[in-house]
Amino acid sequence: AVSRRNRELNVFSLSALDLFAGAMGAFILIAVVLFPYYLKETKTPIKVRNLDVVFVIDTTVSMGSAIDQLKSELVGLSKVLERVAPQVRIGIIAYKTRRSDSQYLIISKDLTSTKNNGLRELQEWVNRLTPQGGGYEVLADALERATRMSWQPNRRRLIVLIADEPGEPGTLSRALGIA
């Protein structure tokens, strides 16, 4: 028998427009973070846990405005998350297409605390992202890399996908572990 490691990992797929629609981005992120608590904890108070969030973002040309929004709203989103959880760590994975002329296919910034200089480091990393390329994105590979981030036990774990295309044909189900 094959045993799978017991882990809780929530994956949310939101279009760039849904997540970064001006001031609504923070509201949607709060709803995504708290919604599972309301489903599971109907008779007891909400148990606030530390939070790990990984943003997986398509950085092809069509996502230029979403990348700009992430650059301008990262600090605000982290401040909102810090009000929801005692400790917040944010990670970012940027991916493109195999046909891209970019210097990278997938790059990542591992989960980093938003305290001290962590948020500044995250912001500097995000500020270097540039939209480039087009075609079938390597979404499945990016999501697989997200599962290998330095997740810590006993934390709420979220992956927020910011994309406008499903990626290479037939690979999304593999990335999500769907038969």
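We count residues from 1, following the sequence as given.
- A distance of 11.0 Å separates CG of Asp68 from CD of Glu73, quoted to the nearest 0.5 Å.
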(request) Could you walk me through whether Arg128 and Glu124 pass salt bridge (charged side-chain N to carboxylate O under 4.0 Å, His left out), step by step? (result) CA-CA 7 Å; Arg128 290 190 296 268; Glu124 289 172 358; 5.1 Å; no
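- In this structure the side chain of Thr59 never reaches within 4.5 angstrom of the side chain of Thr130, judged on heavy atoms.
- Annotation: side chain of Met149 is in contact with side chain of Ile93 (closest heavy-atom distance under 4.5 Å).
- With hydrogens and angles ignored, the 3.5 Å screen pairs no side-chain donor or acceptor of Ser108 with any backbone N or O of Ile106.
- Residue Ala142 comes nearest to Tyr95 through the heavy atom pair CB-CD2, 3.6 Å, listed as atom of the first residue, atom of the second, then distance.
- Note that CG of Leu161 and CZ of Phe55 are 11.5 Å apart. Values are rounded to the nearest 0.5 Å.
- Rounding to the nearest 0.5 Å gives a distance of 10.0 Å between CZ of Arg83 and NZ of Lys79.
- For the pair Pro131 and Lys96, the minimum side-chain heavy-atom distance is 4.5 Å or more.
- Between the side chain of Gln123 and the backbone N or O of Lys71, at least one donor-acceptor pair lies under 3.5 Å.
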(request) Please step through salt bridge (charged side-chain N to carboxylate O under 4.0 Å, His left out) for the pair Asp52 and Arg157, ending with a clear verdict. (result) CA-CA 5 Å; Asp52 283 351; Arg157 302 172 185 182; 5.6 Å; no
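- Side-chain atoms of Arg156 do not come within 3.5 Å of backbone N or O of Ala85 as any donor-acceptor pair.
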(message) For Ile162 and Val56: C-alpha separation, side-chain torsions, deciding distance, then whether side chain to side chain contact (heavy atoms under 4.5 Å, CB included) applies.
(response) CA-CA 6 Å; Ile162 305 167; Val56 178; over 6 Å; no
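- Counting only heavy atoms from C-beta outward, the side chains of Trp125 and Ile107 approach each other to under 4.5 Å.
- Looking only at distances, no side-chain donor or acceptor of Lys115 sits under 3.5 Å from a matching main-chain atom of Val88.
- Minimum interatomic distance between Arg49 and Pro86 (heavy atoms only, all atoms of both residues): O-CD, 3.7 Å.
- Side-chain contact between Lys109 and Leu122 is present, with heavy atoms from C-beta onward closer than 4.5 Å.
- Taking CD of Gln132 as the reference point, atom CD1 of Ile67 lies at 10.0 Å (rounded to 0.5 Å).
- Val160 places a side-chain heavy atom less than 4.5 Å from the side chain of Val53.
- At a threshold of 4.5 Å between non-hydrogen side-chain atoms, the residues Glu82 and Thr114 count as touching.
- For the atom pair CZ (Arg155) and CG (Leu111), the distance works out to 8.0 Å, reported to the nearest 0.5 Å.
- Glu121 CD to Ser113 OG: the interatomic distance, rounded to the nearest 0.5 Å, is 10.0 Å.
- Within the 3.5 Å criterion, the main-chain N or O of Gly118 finds no donor-acceptor partner in the side chain of Asn116.
- Side chains of Ile92 and Val54 form no contact here, defined as non-hydrogen atoms less than 4.5 Å apart.
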